[in-house]
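Order of listing sets the numbers, starting from 1, for every ligand and every atom in it. Quick caveat: nothing in here was measured; it's all calculated off a predicted structure.
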Amino acid sequence: MTRTFLALELPDAVKNTLRRQIERLGRAIPEIHWVNPDSLHLTLAFLGEIDDAQLMAASESAAATVRANAPFTLRLDGLGTFGSAQAPRVVWVGLAGDKARLMQVQATVADELAARGFPREQRPFAPHLTLARIKRPLSDAALTTLARVQREPLPKMTWQADAISVMKSELLRPSARYTALSHWPLCLP
Ligand code: 2AM
């Protein structure tokens, strides 16, 4: 069985920009455990533990999606959180740019997976790059700093999303390891 998800991987320039932000955020709020910048990615669909036949079907879903979708532009947007202001669960960076194309690619992925028997995600797609997962309540000082840094703009960074990756997730300590099993380049129009 393989813990699997489909994602858009990020160019090194984007990871390096976010690495500097994570270093800055880590100095500002050390009690949060920030992710390893090398593992940053944009998840399109999370499949959980699947067998080899399902892994093949997941790859076919990626292949069918890229045949119907061209590369598109993404930009970093601001910082945000999931959860309440008092109890944030995730700190993320939002995406801007060709958002409609991103939503279309994710919708195609979802349809292709459903056509191959994968259950549909019930929650609406909220595209984000996870910078931190917060497991324990934060101090008031950390909450105040988090609210402040969320209002600060991130450096401008634009890139071309040009492939879907089938990703393996291994739940290791201290953090999960993500490995691309296959890449599916989005088709040029
Ligand atoms: P997250 O970044 O918001 O945690 C690998 O775990 C990727 O799949 C992560 O990007 C994670 O999103 C995403 N994902 C979506 N649903 C998930 C779930 N139920 N369990 C674990 N990861 C999930």
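- For His41, the closest heavy-atom approach to ligand 1 falls below 4.0 Å.
- Residue Tyr178 is not grouped with residue Ile164 when hydrophobic side chains (ILVMFWY) are merged at heavy-atom distances under 4.5 angstrom, including chains of intermediate members.
- Shown in contact with His128 at under 4.0 Å from a heavy atom are these atoms of ligand 1, numbered in order with element: 1 (P), 2 (O), 3 (O).
- Note on ligand 1: Arg3 sits in its first shell, one or more heavy atoms being nearer than 4.0 Å.
- Each of the following atoms of ligand 1 lies closer than 4.0 Å to a heavy atom of Thr43: 7 (C), 8 (O), 9 (C), 10 (O), 13 (C).
- Under a 3.5 Å cut-off, the side chain of Glu31 and the backbone N or O of Ser139 do form a donor-acceptor pair.
- Ligand 1 has a nitrogen or oxygen under 3.5 angstrom from a nitrogen or oxygen of Arg133.
- What sits closest to atom 2 (O) of ligand 1 on the protein, heavy atoms only, is Thr130 OG1, 2.4 Å.
- Of all the heavy atoms of Glu121, none lies under 4.0 Å from any atom of ligand 1, so neither backbone nor side chain is involved.
- In this structure the side chain of Leu6 reaches within 4.5 angstrom of the side chain of Leu113, judged on heavy atoms.
- Within a 6.0 Å sphere centred on CE of Met103, heavy atoms belonging to other residues, nucleotides or ligands number more than 12.
- Between Leu25 and the choices Thr145, Leu79, Leu146, Ile32, the side chain to side chain contact (heavy atoms under 4.5 Å, CB included) rule is met once, by Leu79.
- His128 is listed as a side-chain neighbour of Thr130, based on a closest heavy-atom distance under 4.5 Å.
- Remark: side-chain polar atoms of Lys168 are not paired, donor with acceptor, to backbone N or O of Thr179 under 3.5 angstrom.
- Protein heavy atom closest to atom 8 (O) of ligand 1, with residue, atom name and distance, is Phe46 CD1, 3.3 Å.
- When only interatomic distances are considered, the shortest N/O to N/O separation between Arg123 and ligand 1 does not fall below 3.5 Å.
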